[in-house]
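One-based numbering, in listed order, for ligands and for the atoms of each. For the numbers below, each heavy atom of this structure counts, side chains included, while hydrogens, waters and symmetry mates do not.
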Amino acid sequence: MSQEPNRIIVGAQWGDEGKGKLVDRLASRADVVVRYQGGANAGHTLVVEGRKTVLHLVPSGILHGDKLNVIGPGCVVDPVALLHELDGLAAVGINPTPDHLLIARQAHVILSMHQHLDRAREAAAGDAKIGTTGRGIGPAYEDLVARRGIRFGDFFDPAYLRARVEFSLQEKNVLLTSLGMSALSVDEVLAPAELAFERLRPFIGDAGAVVSKAHRDGRVLLFEGAQGTMLDVLHGTYPFVTSSSTIAAGALTSLGLGPKVVHEIIGVSKAYTTRVGSGPFPTEMVGVEAEWGERLRQAGREFGATTGRPRRCGWLDVPALRYSARINGLDSIALMKTDVLQGLGPLKLCVAYTFRGQTFDELPMTPEALVEASPVYETFEGFDADITGCRRFRDLPASVQRYVEAVEARVGIPITFLSVGPGRDENVDR
Ligand code: IMP
């Protein structure tokens, strides 16, 4: 292909794989960067000229002045949080114009009623809690499929909007009060969102049509997934998932594009595994391995960018990656944070699962198998050398090369990119 391909970058694990770093790098070769699902539950910390800012919804292409960044119809957008994010960007000197930022008018809006409901439900769920980010993601997507959601476009017609919120609140207030919370008034729910909308108004448009036209005009598209495959509402470790379609196909349903638009799908994985929130995590370092988990957490700064929660850490899970490769149709894998394994000692790699006498080479996804299946490990020599300066595969210690080649061979997908440090250029391209 003479031109850069249209790419989807998707999390191959439970989120927080380091997609932002890859997106940031590939954004320079794209014209349009599209975030296709999720909301302010995601978080990506950026350091711009020494100042820290966190992106939750705005695609990382915003750092490359000349790109169009799109928040797609499949996203759920909290207008107040988005404004806050734009203010954070302004503080580091980034002031997007409508030529650089487009919010889909079809995107559903998260209002305070969704956040109250999210938190009240979690508080009432006891052991069954999902460990959500509390950002109202689930309730907003529920409203979407229940056909009672509020969309950005509705804000252009205040009377219609008010009627929609009134209708939605009738039911939500019954739920909220039954969970011990106070009922909400239409005004308190609407006022902050309407205020935020006034500033967001110039950025709202028909994202699907714009992206489709950009494609027809030969512009290069980059789709940025949030969360990860194992958190997909349909294909993830249900019910411990988020409420959106996090997988590659989600990019197409979100924007309303045909599958042939996409040329390349890259899965992003860490060289180990993390997970935030509740739910099964078979290769988690617990018990006698808890100390290793703590070392990874500190070395990899594994604390949520959105909630600050410590992430659960574990060994790399090949069967989960094989599952991801199948569900997303991955062409290649980017292996992030390889440097974090430095000094950890021998590296365990989960290569299969056994469950009720059977062996599985993909993570078995039924709830009982997820809890009961036993990981089968192979052990590899670790490494003590600092690898952050390595830029070619052959510069890496032999043990790192063997580990990476083993992952690649067992997943059956080439690893074409290795991140060896947090810096923009601390990578090995293969
Ligand atoms: P929700 O998306 O806030 O409803 O949370 C549902 C589950 O997805 C919880 O386990 C969260 O911890 C997890 N989750 C949501 N967003 C992210 C993310 O960006 N990274 C990792 N986990 C996430």
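In T132, the parts holding a heavy atom less than 4.0 Å from any atom of ligand 1 are both the side chain and the backbone. Residue R309 touches ligand 1 through its side chain alone, judged by heavy-atom distances below 4.0 Å. The proximity of W14 to ligand 1, defined as any non-hydrogen pair under 4.0 Å, is limited to the backbone. Proximity of V241 to ligand 1, defined as any heavy-atom pair under 4.0 Å, is confined to the backbone N, CA, C and O atoms.
Considering only heavy atoms from C-beta on, R312 stays 4.5 Å or farther from M285 through its side chain. In this structure, the side chains of S244 and I137 stay at 4.5 Å or more apart for every pair of heavy atoms. Residues L316 and L347 fail the side-chain proximity criterion, which asks for heavy atoms closer than 4.5 Å. Residues L255 and F223 meet the side-chain proximity criterion, which asks for heavy atoms closer than 4.5 Å.
Numbered from 1 in the order shown, with element, the atoms of ligand 1 that lie under 4.0 Å from a heavy atom of A42 read 19 (O).
The nearest heavy-atom contact from the protein to atom 3 (O) of ligand 1 is T133 OG1, 2.6 Å. Nearest protein neighbour of atom 10 (O) of ligand 1, counting heavy atoms only, is V276 O, 3.2 Å. In this structure, atom 11 (C) of ligand 1 lies nearest to the protein heavy atom G131 O, 3.5 Å. In terms of protein heavy atoms, atom 13 (C) of ligand 1 is closest to L231 CD1, 3.9 Å.
Counting heavy-atom neighbours within 6.0 Å of E171 CD, excluding the residue itself, gives a total of 12 or less.
In terms of polar-atom proximity, T242 is counted as a contact of ligand 1, with an N or O under 3.5 Å from an N or O of the ligand. Polar contact with ligand 1: present for D16 (N/O pair, distance under 3.5 Å). Every N/O-N/O distance between R135 and ligand 1 stays at or above 3.5 Å. Considering backbone and side-chain atoms alike, Q227 places an N or O below 3.5 Å from some N or O of ligand 1.
Between E302 and the choices R295, R309, R297, R311, the salt bridge (Lys or Arg N to Asp or Glu O under 4.0 Å) rule is met once, by R311.
Side-chain contact check for D143 and H114: at least one donor-acceptor pair (N or O, by modelled atom type) lies under 3.5 Å. D187 and S185 form no side-chain donor-acceptor contact under 3.5 Å, judged by distance and modelled atom types alone.
Aromatic ring orientation, H263 versus H215: tilted (interplanar angle from 30° to 60°).
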